[in-house]
Undergrad: 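One structure, pasted below without further comment.
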Amino acid sequence: MDEQYDARKIEQKWQEEWERSHLFEVDVQADRPKYYLLEMFPYPSGKIHMGHVRNYTIGDVVARYKRMQGFNVLHPMGWDAFGMPAENAAIANNTHPAEWTYDNIAYMRNQLKQLGFSYDWTREVTTCTPDYYRWEQWLFLKMYEKGMAYRKEAYVNWCEPCQTVLANEQVEAGMCWRCGQPVRQKKLNQWFFRITDFAEDLLVHCDQLPGWPEKVTTMQKNWIGRSQGAEIRFAVEESDTVIPVFTTRHDTVFGATFMCLAPEHPLVPQLAAGTEQAAAVADFIERISLQERTSKAVETYEKEGVFTGKYCINPMTGRHMPIYTANFALMEYGTGAVMSVPAHDQRDFDFAKKYDLPIIPVVNPEGETLVAAQMAEAYAGDGLMVNSGAFDGQPNRQAMEKIADLLEAKGLGRRAISYRLRDWGISRQRYWGAPIPMIYCDTCGTVPVPEADLPIVLPEDAHLLAGGRSPLPALDNFARTTCPKCGRTDARRETDTMDTFVESSWYFERYCSPKFNEGMFDREAVAYWMPVDQYIGGVEHAILHLLYSRYFTRVLHDIGLIDYKEPFTRLLTQGMVCKETMSCPQHGYLFPEQARDERGTLYCALCDQPVTLGRVEKMSKSKRNVVDPNVLLERYGADTTRLFCLFAAPPERDLEWSDQGVEGSARFLNRVWRLAGAWLDVVRGAAPYDGPVESLPDTLRQTYRKAHQTIEKVTRDIEDRFHFNTAISAVMELVNQMHAVGPDDGDADQRKSVMRHALETVILLLSPIVPHFAQELWHALGHTQSTLAVPWPVYRKDALVQEEATIVVQVNGKLRGRFTTAVDTDDDTVKQLALADERVQKFVGDKAPKKIVVVKNKLVNIVV
RNA sequence: GCCGGAGUGGUGAAAUAGGUAAACGCAGCGGACUCAAAAUCCGCCGGGCGCAAGCCCUUGUCGGUUCGAUUCCGACCUCCGGCACCA
């Protein structure tokens with residue numbers, strides 16, 4: 001063992017050794033308990049960033065810990081390799097997306113290896129390879145066959161700069177999640193997955209995921225957005241047409257005075273046809289279709305609409321209700337039609353005021369009577385029914401049930417449930433994605449690619465077009481094909497590719513048998529490894545990726561490939577890595593290395609002006625508050641970097657980067673290194689202490705006890721809640737205690753064996769966190785095996801027991817004194833000792849205590 | 001607007017079946033070693049008053065329950081995240 005701790009040297013040495021000995025490679029072992037630990041795989045954007053380092057460090061600690069606990073641990077890594085940045089980079093650098101992607105993967109794989117993560121690299125999965133996406137295409141065909149995938153013309157979110165459609169989940173506050181530009185509506189033929197079929201099941205199971213953060217399941221529940229209500233059928237006057245509406249307030253149906261249809265509702269032009277409103281309606285539809293649907297823009301729109309020229313009949317009151325088309329009615333929700341009850345819905349109220357439509361209150365608040373003419377806003381609360389025929393005087397919640405019964409009895413409607421969740425549109429007008437395996441033939445229509453023809457390989461000889469438009473439609477040798485059904489030679493392939501969230505919805509199954517070429521995965525391997533026991537990743541995927549993965553798992557379940565429904569048993573969403581921002585009046589945001597420190601004041605390295613410190617924010621290239629992992633690896637090595645990421649904050653919380661904190665982590669490792677070096681010759685050949693605790697002299701007994709307490713604490717911190725920060729603190733305390741042991745404590749044999757035990761404990765407890773460091777010291781102690789092969793330390797219960805307890809004494813709840821006594825001293829004796837304390841006497845005086853509370857081995861509270 | 005989460009020293013954070021608030025770090029201060037510096041080691045380190053013993057205050061604010069509240073309950077303030085014309 002070197003005198004100096006040389007991180008780079010030992011890290012390289014052990015990484016080579018681990019690779020040579022295939023240490024991290026695992027296989028199905030039916031007789032051993034498995035543990036599947038998964039971290040969200042990265043998009044190969046170029047370089048690993050600190051967010052990845054944190055995520056993967058947390059995962060690696062758990063993987064190594066579980067291995068030492070005796071589990072057969074699957075810990076894979078791969079690449080979410082399709083996606084737009086590859087295209088953008090290819091256009092900017094005049095390369096091909098594939099080249100850019102594979103170069104990045106090679107670079108990032110090397111970075112991950114340098115961090116010492118215990119991945120089984122033989123299981124690496126890269127989603128842009130045909131042997132991966134062919135099975136995705138296969139599943140698409142199965143889904144098509146079962147009606148789970150379908151095509152329809154739909155208004156989609158269209159991003160002009162990106163030239164593509166976006167899923168609802170990819171629209172953030174009305175803007176494209178990637179480029180931040182406004183999203184517009186465009187009508188296109190699109191492929192969809194019928195995720196709404198599983199809306200109820202996905203929702204119900206949110207409450208059966210005890211290993212997930214409640215925050216995430218709540219977000220998913222909100223996203224699915226279940227509403228319970230009724231569908232009521234309104235007949236159009238002088239016509240056979242019936243318009244169903246969805247409402248959650250069927251108790252207010254007697255107060256419905258008009259109806260609103262979404263501008264895109266197919267009935268709107270039909271209703272208006274031949275009436276004097278036809279022209280006005282057509283103008284309105286045209287105008288609304290051009291409006292931006294961004295929520296920002298929507299907020300500023302006034303509620304407006306146009307009369308269609310037709311009326312419908314309120315099935316309860318027989319009222320003659322004008323039918324409007326209005327901008328606030330959404331085609332995508334419910335039936336695209338709203339029964340408007342202005343007295344009890346704010347939007348309807350605003351609309352009624354604007355167009356002078358009748359307002360009829362039908363639910364009075366407790367002890368109040370609403371008068372339409374005096375209402376300033378709608379009343380949406382509960383109360384007693386009024387103006388509702390036989391239901392008058394009843395509580396509205398009760399009437400709601402009876403009205404539903406009545407509607408059902410008379411065939412005028414039924415109870416219904418509506419979801420906010422929409423089907424998942426997966427078509428993307430992009431090149432760098434998995435081709436959708438469909439063919440369009442003028443004779444046969446839409447024809448699936450025969451299974452035998454898979455994979456439909458994405459042609460790699462395509463040249464990207466300016467602006468990012470897909471080259472596929474114009475690529476004749478790809479787009480032109482023969483119809484598999486009739487043999488026509490002028491059939492055309494689908495040239496849209498799949499949303500990249502499709503790849504990430506099943507990669508965890510592929511890891512179980514990554515090279516399997518007879519199907520998506522080897523069912524036996526999946527049966528052994530799945531579900532994932534612990535999944536770790538960023539909270540930004542709380543809805544998109546996690547909901548889609550849960551959905552895909554249900555699809556695979558329904559097809560009969562797997563027998564579980566939930567893919568991830570436990571989920572940890574780690575916080576962001578943040579750092580303070582710095583800016584200079586002239587140069588804007590500065591990189592950390594662009595600030596020069598002069599006696600505590602920072603100056604811009606470019607112009608010498610003082611630097612302004614900004615708020616602590618998520619590390620991002622645009623804010624320039626980033627730390628490059630390469631620099632840390634170079635300067636401190638992987639172990640210090642890993643240690644700091646775990647020590648600075650508990651995993652679920654945001655981590656504030658601190659260069660001084662990193663320095664402190666390095667200092668701790670050096671301290672342990674020197675401690676080990678100082679004792680190495682003494683403990684060589686000794687066996688770890690295992691004798692009676694009481695017979696040890698003071699310092700050694702305390703050290704031995706501390707070692708066992710530390711094992712207990714660290715194990716609990718990792719096992720129960722992944723609080724590595726407190727686990728590390730505990731080891732630091734043990735190390736501090738070991739420093740107190742001098743060359744004269746106890747006899748030589750006791751000293752040797754107690755220190756051997758303590759040293760081995762420190763090394764093993766730290767080994768999942770700083771694996772190279774621990775391995776080197778373990779080796780120096782004379783061990784030849786890997787720390788991963790050593791069982792996780794177990795504490796001795798009898799060694800935890802203290803012989804003395806410190807009792808604090810309170811008078812009226814205030815701390816007034818303390819004393820030590822033998823543990824488990826009986827309450828009466830403790831009371832006497834407490835009352836005898838001089839300071840306590842001062843506060844008690846000659847007053848007789850009203851009550852004395854004793855908490856064993858902890859505290860006495862005297863109430864006077 | 002609705003739904004979540006969080007507010008603790010100079011600072012990152014500890015401590016919840018209610019029981020010594022601030023463990024462990026970082027920064028700072030003092031000392032040892034050194035020609036000096038770095039590194040290292042030892043000590044101090046919430047605020048106020050006091051020579052001191054000690055006393056008072058302190059976990060966003062205000063109340064409540066309790067012998068005792070960072071922890072439980074109620075109201076409010078601030079910050080962060082999610083959803084938002086969803087009928």
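What you are looking at is a predicted structure, and each value in this text was computed from that prediction instead of being measured. Each chain gets a letter, A, B and so on, in the order the sequences are listed, and its residues count up from 1. Side chains are part of it too, since the values below use all heavy atoms of this structure and drop only hydrogens, waters and symmetry mates.
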Undergrad: Taking the C1' atom in each of B:G30 and B:C45, what is the distance between them to the nearest angstrom?
TA: 11 Å

Undergrad: Looking at B:C86, B:G19, B:G82, which one has an atom nearest to any side-chain atom of A:L859?
TA: B:G19

Undergrad: Set out, in order, the CA-CA distance, both residues' side-chain angles and the distance that settles side-chain hydrogen bond (donor to acceptor under 3.5 Å, both in side chains) for A:D717 and A:T726, then state yes or no.
TA: CA-CA 7 Å; A:D717 282 346; A:T726 49; 2.8 Å; yes

Undergrad: If we take the C1' atom in both B:G60 and B:A6, what is their distance in whole Å?
TA: 11 Å

Undergrad: Heavy atoms from C-beta onward define the side chain here; which of B:A87, B:A14, B:G82 lies closest to that of A:N725?
TA: B:A14

Undergrad: For A:Q660 and A:F246, take the nucleotide of RNA chain B holding the closest heavy atom to each; which residue's nucleotide lies nearer the 5' end?
TA: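 In this pair, the answer is A:Q660.
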
Undergrad: Counting only distance, no hydrogens or angles, is the base of B:C83 paired donor-acceptor with the side chain of A:N222 under 3.5 Å?
TA: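 Under the 3.5 Å cut-off, the side chain and the base do not form any donor-acceptor pair.
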
Undergrad: Run the side-chain hydrogen bond (donor to acceptor under 3.5 Å, both in side chains) check on A:D350 and A:Q346 step by step: do they pass?
TA: CA-CA 6 Å; A:D350 294 344; A:Q346 193 57 42; 3.0 Å; yes

Undergrad: Between A:Q220 and A:R550, does any side-chain donor sit less than 3.5 Å from a side-chain acceptor?
TA: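 Side chains of A:Q220 and A:R550: pair found under 3.5 Å.
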
Undergrad: Indicate, with a heavy-atom threshold strictly under 4.0 Å, whether A:A648 touches base, sugar-phosphate, or nothing.
TA: sugar-phosphate

Undergrad: When we call it a touch if two heavy atoms are under 4.0 Å apart, what does A:R818 touch: a base, just sugar-phosphate, or nothing?
TA: base

Undergrad: Check every atom of B:C56, B:A23, B:A27 against the side chain of A:R816 and return the nucleotide holding the closest atom.
TA: B:C56

Undergrad: Verify whether one side chain among A:E663 and A:Y636 offers a donor that lies under 3.5 Å from an acceptor in the other.
TA: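 Note: A:E663 and A:Y636 side chains meet the donor-acceptor criterion.
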
Undergrad: With a 4.0 Å cut-off on heavy atoms, is A:K851 in touch with a base, just the backbone sugar-phosphate, or nothing at all?
TA: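 Base contact - A:K851 has a heavy atom under 4.0 Å of at least one base atom.
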
Undergrad: Which nucleotide wins on minimum distance to the side chain of A:S729, given the candidates B:A13, B:A23, B:A27?
TA: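 That would be B:A23.
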
Undergrad: Side chain of A:R347 only, heavy atoms from C-beta on: which candidate in B:G19, B:C86, B:C3 is closest?
TA: B:C86

Undergrad: Could you state the CG-C1' distance from A:D659 to B:G12, rounded to the nearest angstrom?
TA: 14 Å

Undergrad: Classify the nucleic acid contact of A:V863 as base, sugar-phosphate or nothing, counting any heavy atom under 4.0 Å across all strands shown.
TA: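 Sugar-phosphate: the residue A:V863, judged by heavy atoms under 4.0 Å, touches backbone atoms but no base.
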
Undergrad: Can you confirm whether the side chains of A:R287 and A:N327 place a donor and an acceptor under 3.5 Å from each other?
TA: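 Checked: A:R287/A:N327 side chains show no N/O donor-acceptor pair below 3.5 Å.
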
Undergrad: For the aromatic rings, using the six-membered ring if either is Trp, is the centroid distance between A:F501 and A:W424 under 6.0 Å?
TA: no

Undergrad: Looking only at the aromatic ring of each residue, does the gap between the centers of A:Y324 and A:F351 stay below 6.0 angstrom?
TA: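 Ring-ring flag for A:F351/A:Y324: true, centres closer than 6.0 Å.
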
Undergrad: Name the closest nucleotide to the A:R839 side chain, picking from B:C85, B:C26, B:G54.
TA: B:G54

Undergrad: If the cut-off is 4.0 Å, is A:R721 near the phosphate of B:A14, judged by side-chain N/O to OP1 or OP2?
TA: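 No, A:R721 has no side-chain N/O under 4.0 Å of OP1/OP2 on B:A14.
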
Undergrad: For A:G664, answer base if it contacts any base atom (sugar-phosphate contacts may also be present), sugar-phosphate if it contacts only those atoms, and nothing otherwise; contact means non-hydrogen atoms under 4.0 Å.
TA: sugar-phosphate

Undergrad: For B:A69 and B:C79, measure between their P atoms and round to the nearest Å.
TA: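 About 30 Å, rounded to a whole number of Å.
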
Undergrad: In whole Å, what separates the C1' atom of B:A13 from that of B:A21?
TA: 13 Å

Undergrad: Would you mind classifying the nucleic acid contact of A:A329 as base, sugar-phosphate or nothing, using non-hydrogen atoms under 4.0 angstrom?
TA: base

Undergrad: Categorize A:R226 for me: base, sugar-phosphate, or nothing, with a 4.0 angstrom heavy-atom threshold over every strand shown.
TA: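 No contact at all - A:R226 keeps every heavy atom at 4.0 Å or more from the nucleic acid.
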
Undergrad: Describe the nucleic acid contact of A:Q810 in one word from base, sugar-phosphate, nothing, applying a heavy-atom distance below 4.0 Å.
TA: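 Answer is base: heavy atoms of A:Q810 come under 4.0 Å of a base.
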
Undergrad: Determine whether any donor atom in the side chain of A:R422 lies under 3.5 Å from an acceptor atom in the base of B:C86, or the reverse, and answer yes or no.
TA: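 A donor-acceptor contact between them is present.
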
Undergrad: Looking only at side-chain N and O atoms, does A:H723 offer a donor or acceptor that is under 3.5 Å from a partner on A:E652?
TA: yes

Undergrad: When rounded to the nearest Å, what value does the distance between P atoms of B:G7 and B:U16 take?
TA: 14 Å

Undergrad: NA contact type, A:N670, heavy-atom cut-off 4.0 Å: base, sugar-phosphate, or nothing?
TA: nothing

Undergrad: Quantified in whole Å, what is the C1' atom distance between nucleotide B:U61 and nucleotide B:C44?
TA: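 My reading of the C1' atoms in B:U61 and B:C44 gives 34 Å.
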
Undergrad: Which is it for B:G63, anti or syn, if anything within 90° of zero counts as syn?
TA: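 B:G63: anti glycosidic orientation.
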
Undergrad: I'd like to know if the side chain of A:R839 pairs up with that of A:Q841 as donor and acceptor (distance under 3.5 Å, no hydrogens or angles considered).
TA: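 There is no such pair (donor and acceptor under 3.5 Å, judged by atom type) between the side chains of A:R839 and A:Q841.
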
Undergrad: Using a 3.5 Å limit on both pairing distances, list the dot-bracket string of RNA chain B from the 5' end; Watson-Crick and G-U wobble pairs count, crossing pairs take [ ], interstrand pairs take |.
TA: (((((((..(((......[....))).(((((.......))))).((((....))))..(((((..]....))))))))))))....

Undergrad: For a quick check of understanding: with a heavy-atom distance under 4.0 Å over all strands, which category does A:D348 fall into, base, sugar-phosphate or nothing?
TA: nothing

Undergrad: Write down the distance separating the C1' atoms in B:A87 and B:C77, rounded off to the nearest Å.
TA: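 Looking at atom C1' only, B:A87 and B:C77 are 34 Å apart.
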
Undergrad: Distance check, P atoms only: B:U78 and B:G28, in whole angstrom units.
TA: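 These two P atoms come out 36 Å apart once rounded.
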
Undergrad: Remember a base hit wins even if backbone is also touched, and classify A:F843 as base, sugar-phosphate or nothing at under 4.0 Å, heavy atoms.
TA: sugar-phosphate

Undergrad: Look at the side chain of A:R671 and decide which nucleotide, out of B:A14, B:C41, B:A15, has an atom nearest to it.
TA: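 Closest nucleotide to the A:R671 side chain: B:C41.
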
Undergrad: Once you apply a heavy-atom cut-off of 4.0 Å, does A:S658 come out as touching a base, just sugar-phosphate, or nothing?
TA: nothing

Undergrad: Would you check if the distance from the ring center of A:Y5 to the ring center of A:F773 is below 6.0 Å?
TA: yes

Undergrad: Start at the 5' end of RNA chain B and walk down; is the nucleotide closest to A:L815 or to A:F647 reached first?
TA: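 Counting from the 5' end, the first nearest nucleotide belongs to A:L815.
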
Undergrad: Measure from the side-chain heavy atoms of A:K215 and tell me the nearest of B:G81, B:A84, B:A13.
TA: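 The answer is B:G81.
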
Undergrad: Of the nucleotides B:C83, B:G25, B:G19, which one has an atom closest to the side chain of A:N861?
TA: B:G19

Undergrad: Between the base of B:C85 and the side chain of A:K303, is one N or O donor paired with an acceptor at under 3.5 angstrom?
TA: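 By the distance-only test, yes, there is a pair.
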
Undergrad: Please tell me which of the listed nucleotides, B:C83, B:G19, B:A27, lies nearest to the side chain of A:K858?
TA: B:G19

